[in-house]
Amino acid sequence: MIEFIHPADDSEARLRAHLPSEAETLALGAALAQVLRPGLQIWLQGNLGSGKTTLTRGVLRALGHVGKVKSPTYTLIEPYSVSRLNLYHFDFYRFNSPDEYLDAGLDEYFSGDGVCVVEWPEKALPHLASPDLEILLQPQGNGRLAEFIGHTDAGQTCVIELAKVLRGANPTPVPG
Ligand SMILES: Nc1ncnc2c1ncn2[C@@H]1O[C@H](COP(=O)(O)OP(=O)(O)O)[C@@H](O)[C@H]1O
Ligand SMILES: [Mg+2]
């Protein structure tokens, strides 16, 4: 079930999707893959086990990545070079202090034209620039609820295009 809220002035476009099982999380990732643009900064927010890595796995598989998609919990970053873009998958869960971000020397990844997908961005604050797109994941029944919030023009475009992709896949959406 998709709910899309699109203010007339395009500000803060939001999309919510109920994901009854892992398959829907992967499918949502595949839809997101279709609307990614170089340089997009994405934050994935949600507790342990909320589906952040699963969503990223769906993105990468749809982009043509055929190997494993490992959680970057221990490596901090897993870089991917797929069909049409570079994607950098980060996980800062293990930081005890945000200053560990500075020691890790990752700034270069964030200033290029790769897509950055960050789990646990709050653990690196205040050293991270604010994102184009924020994705919140939380439990809902036995499944998950995903909410997309566009914070910049690029992020809002992403949300609006994602709603179109999902409506193509689901002919009877509930209007927001
Ligand atoms: N929509 C969903 N409904 C039920 N389980 C899900 C859903 N999406 C993902 N999962 C499951 O949640 C578990 C944790 O997922 P993971 O992506 O590793 O979470 P995170 O990266 O947020 O810690 C996995 O076992 C995965 O299969
Ligand atoms: Mg994870």
Side-chain angles (χ1 to χ4, degrees), residues 14-17 19 21-33 35-83 85-152 154-155 158-159 162:
R14 277 170 183 251
L15 186 150
R16 281 194 207 101
L19 310 169
S21 74
E22 186 191 62
E24 282 81 15
T25 306
L26 292 169
L28 182 63
L32 177 60
V35 304
L36 293 179
R37 296 288 178 275
L40 206 68
Q41 309 282 321
I42 302 175
W43 285 7
L44 291 178
Q45 311 258 32
N47 264 328
L48 275 182
S50 59
K52 302 181 294 296
T53 298
T54 305
L55 186 70
T56 308
R57 186 173 291 127
V59 169
L60 283 162
R61 284 189 186 158
L63 289 172
H65 175 72
V66 285
K68 281 180 75 170
V69 174
K70 291 187 301 174
S71 172
T73 313
Y74 293 94
T75 54
L76 297 180
I77 171 169
E78 293 288 341
Y80 299 88
S81 185
V82 278
S83 53
L85 35 84
N86 292 318
L87 189 152
Y88 305 121
H89 183 196
F90 302 89
D91 184 339
F92 298 142
Y93 179 71
R94 286 171 55 83
F95 284 170
N96 294 310
S97 140
D99 287 353
E100 290 181 40
Y101 171 84
L102 301 177
D103 302 335
L106 300 171
D107 265 343
E108 226 176 284
Y109 291 104
F110 285 93
S111 54
D113 64 2
V115 172
C116 294
V117 176
V118 188
E119 300 187 34
W120 298 99
E122 59 270 43
K123 298 259 191 177
L125 286 178
H127 303 305
L128 284 189
S130 52
D132 297 297
L133 178 65
E134 201 176 355
I135 306 173
L136 317 177
L137 285 158
Q138 57 182 291
Q140 188 180 61
N142 292 323
R144 306 287 187 269
L145 178 71
E147 180 166 18
F148 289 71
I149 307 166
H151 290 294
T152 62
C158 212
V159 175
L162 180 63

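Treat the numbers as computed from the prediction; the structure is a model and nothing was measured.
To the nearest 0.5 Å, atoms CZ (Arg57) and CG (Leu26) are separated by 7.5 Å. The structure places CG of Asp103 at 8.0 Å from OG of Ser97, a figure rounded to the nearest 0.5 Å. Annotation: the span from Glu78 atom CD to Thr56 atom OG1 amounts to 11.5 Å, rounded to 0.5 Å. Summarising the geometry, atom CD1 belonging to Ile42 is positioned 11.5 Å from atom CD belonging to Glu134; distances are rounded to the nearest 0.5 Å. Atom SG of residue Cys158 and atom CD1 of residue Ile149 lie 13.0 Å apart, to the nearest 0.5 angstrom. Distance check, rounded to the nearest 0.5 Å: CD1 of Ile77 to CG of Asp91 gives 11.5 Å.
A pairwise comparison of heavy atoms in Leu32 and Leu162 identifies N-CD1, 3.7 Å as the closest pair. Residues Glu22 and Thr54 share a closest heavy-atom pair of CG-CG2, 3.6 Å.
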Contacts table for residues 126-133: side-chain donor-acceptor under 3.5 angstrom, sequence neighbours left out:
| from | atom 1 | to | atom 2 | distance (Å) |
| --- | --- | --- | --- | --- |
| His127 | NE2 | Asp99 | OD1 | 2.8 |
| Asp132 | OD1 | Thr152 | OG1 | 2.6 |
| Asp132 | OD2 | Gln41 | N | 2.9 |

All N/O donor-acceptor pairs, side-chain side in residues 113-121, below 3.5 Å, sequence neighbours left out:
| from | atom 1 | to | atom 2 | distance (Å) |
| --- | --- | --- | --- | --- |
| Glu119 | OE1 | Thr53 | OG1 | 3.1 |
| Glu119 | OE2 | Thr53 | N | 3.4 |
| Glu119 | OE2 | Thr53 | OG1 | 2.7 |
| Glu119 | OE2 | His89 | NE2 | 2.7 |

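Dense packing is recorded around CZ of Phe110, with more than 12 heavy atoms of other residues, nucleotides or ligands lying under 6.0 Å away.
Residues satisfying the ring-ring contact (aromatic ring centres under 6.0 Å, His included) test with Phe92, not counting sequence neighbours, are Phe90, Phe95, Tyr101. Partners of Ala146 under the side-chain contact (heavy atoms from CB on, under 4.5 Å) rule, at least two apart in sequence or in another chain, are Leu19, Leu28, Leu137, Phe148. Residues meeting the ring-ring contact (aromatic ring centres under 6.0 Å, His included) test with His65, sequence neighbours left out: Tyr80. Listed by chain and residue number, Ser21 satisfy the side-chain contact (heavy atoms from CB on, under 4.5 Å) test with Ala23 (two or more places apart in sequence, or in another chain).
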Please step through side chain to side chain contact (heavy atoms under 4.5 Å, CB included) for the pair Tyr109 and Asn86, ending with a clear verdict.
CA-CA 10 Å; Tyr109 291 104; Asn86 292 318; over 6 Å; no

